[in-house]
Amino acid sequence: MKDKDGVIGHWLVSLGDLDDQQKYIAALKPEESYMVEGCAGSGKSVLAMIKFNQLCQNGQNPVYATMMRGLTDTIISEVLASDDEGMAAARNYVSSKTVEKRSSRSHGKPWYYQSTCIGTCFMLPCINPGYRSPLKGEHLVLDECQDLSYGDFKKIVGSKGFKSICWYGDDDQQLSDTLD
């Protein structure tokens, strides 16, 4: 679904609730690479999921990665449970690449997900080539990227394994300080 600004899809918030800067970022071409820096609570993860959904709608094979395992489980469960028609492409894509695993020892929860399209940065082949269930895709949506080490940042950029990389990170933490 497109809103009046031509932005497709949304996650957890209505596109109409985005401010002008967020709408600008959400309207960037899905296949473009860029970096979004912002403070905590500024909507970076929402924008990351909008981009992920746009890539799914365009028939691309995106990967969503973060440093936080708990966030990956939350993102997967929210996408799969969403009845939002704007998220249908992402929901179908994630559903086809994800299985639910039951475990009483996973992050204090009775469940967790195993996915080849949403996971931790540790699951990226360029960072951990020997991982048995790696994330696979053409485009990388990297949320909470400020938590990456500079070495991991260089591995991702140097891998040339993605057609585009969309970076989302806190402007007051590690990555932005390292690259300035």
Side-chain angles (χ1 to χ4, degrees), residues 5-13 15 18-76 78-79 87 89-90 93-94 97 115-129 131 134-180:
D5 297 315
V7 179
I8 303 171
H10 56 89
W11 178 70
L12 297 181
V13 298
L15 287 175
L18 298 179
D19 64 29
D20 289 341
Q21 189 173 22
Q22 291 169 324
K23 286 181 181 177
Y24 171 80
I25 293 166
L28 293 172
K29 293 179 183 175
E31 297 84 8
E32 288 184 299
S33 293
Y34 56 83
M35 180 179 281
V36 175
E37 292 181 318
C39 65
S42 62
K44 296 179 304 292
S45 293
V46 170
L47 290 169
M49 285 312 302
I50 288 171
K51 191 58 56 180
F52 182 85
N53 188 53
Q54 290 171 337
L55 288 162
C56 291
Q57 287 174 323
N58 289 347
Q60 305 295 323
N61 295 307
V63 168
Y64 170 97
T66 180
M67 293 296 288
M68 298 181 289
R69 176 63 201 186
L71 180 57
T72 65
D73 284 339
T74 299
I75 294 291
I76 292 169
E78 292 290 331
V79 169
M87 286 297 292
Y93 180 73
V94 171
K97 298 186 174 298
S115 178
T116 58
C117 67
I118 296 179
T120 64
C121 294
F122 179 74
M123 297 166 64
L124 293 170
C126 54
I127 292 179
N128 187 4
Y131 193 75
L135 294 174
K136 300 173 189 167
E138 302 171 322
H139 302 271
L140 177 60
V141 176
L142 189 54
D143 198 6
E144 301 294 339
C145 67
Q146 77 277 353
D147 296 326
L148 285 171
S149 70
Y150 186 64
D152 287 342
F153 172 81
K154 285 176 39 178
K155 287 177 187 176
I156 291 170
V157 171
S159 74
K160 303 193 186 323
F162 298 103
K163 294 178 181 177
S164 70
I165 304 172
C166 298
W167 308 82
Y168 299 84
D170 193 314
D171 59 1
D172 195 30
Q173 292 184 22
Q174 184 179 0
L175 181 61
S176 58
D177 291 342
T178 305
L179 297 178
D180 286 342

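The backbone N or O of Ser33 sits nowhere less than 3.5 Å from a side-chain atom of Ser164 that would complete a donor-acceptor pair. Thr66 places a side-chain N or O within donor-acceptor distance of the main-chain N or O of Asp143, the cut-off being under 3.5 Å. In this structure a side-chain-to-backbone donor-acceptor pair under 3.5 Å is present from Gln22 to Ser42. Checked by atom type and distance alone, the side chain of Asn61 never pairs as donor or acceptor with a backbone atom of Glu138 at under 3.5 Å. Side chain of Lys44 to main chain of Cys39: a donor-acceptor pair is present (N/O by atom type, distance under 3.5 Å, no hydrogens or angles). In this structure a side-chain-to-backbone donor-acceptor pair under 3.5 Å is missing from Asn58 to Gln60.
Rounded to the nearest 0.5 Å, atoms CE (Met123) and SG (Cys117) are 9.0 Å apart. Once rounded to the nearest 0.5 Å, the distance linking SG of Cys56 with CE of Met87 reads 7.5 Å. Between atom OG of residue Ser149 and atom NZ of residue Lys155 there is a gap of 7.0 Å, rounded to the nearest 0.5 Å. Rounded to the nearest 0.5 Å, atoms CD1 (Ile165) and SG (Cys145) are 10.5 Å apart. Leu142 CG to Met67 CE: the interatomic distance, rounded to the nearest 0.5 Å, is 9.0 Å. A distance of 8.5 Å separates SG of Cys121 from CG of Asp147, quoted to the nearest 0.5 Å.
Side-chain contact between Ile50 and Leu18 is present, with heavy atoms from C-beta onward closer than 4.5 Å. Side-chain contact between Tyr93 and Val79: absent, with no pair of heavy atoms (C-beta onward) separated by less than 4.5 Å. Using a 4.5 Å cut-off on side-chain heavy atoms (C-beta onward), Met49 and Lys51 make no contact. Contact check for Glu31 versus Lys163: no side-chain heavy atoms found under the 4.5 Å cut-off. Two residues are said to be in side-chain contact when any heavy atoms from C-beta on lie closer than 4.5 Å; Ser115 and Ile76 meet this criterion. Annotation: side chain of Val36 is not in contact with side chain of Cys166 (no heavy-atom distance under 4.5 Å). In this structure, the side chains of Glu144 and Ser45 come closer than 4.5 Å at one or more pairs of heavy atoms. The closest side-chain heavy-atom distance from Tyr131 to Thr120 is not below 4.5 Å.
Within 6.0 Å of OH in Tyr24 there are 12 or fewer heavy atoms belonging to other residues, nucleotides or ligands. Around atom CG of Asp20, no more than 12 heavy atoms belonging to other residues, nucleotides or ligands sit under 6.0 Å away. Other residues, nucleotides and ligands place more than 12 heavy atoms under 6.0 Å from the CD atom of Glu32.
The aromatic rings of Tyr64 and Phe52 sit perpendicular to each other, their planes meeting at more than 60°, with 30° as the lower class boundary.
Tyr168 and Leu47 get closest at one heavy-atom pair: OH-O, 3.6 Å. Taking each heavy atom of Ala65 and Leu135 in turn, the nearest pair found is CB-CD1, 4.0 Å. Residue Leu55 comes nearest to Pro30 through the heavy atom pair CD2-O, 3.3 Å, listed as atom of the first residue, atom of the second, then distance.
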Can Trp167 and Leu148 be said to form a side chain to side chain contact (heavy atoms under 4.5 Å, CB included), step by step?
-> CA-CA 11 Å; Trp167 308 82; Leu148 285 171; 3.9 Å; yes
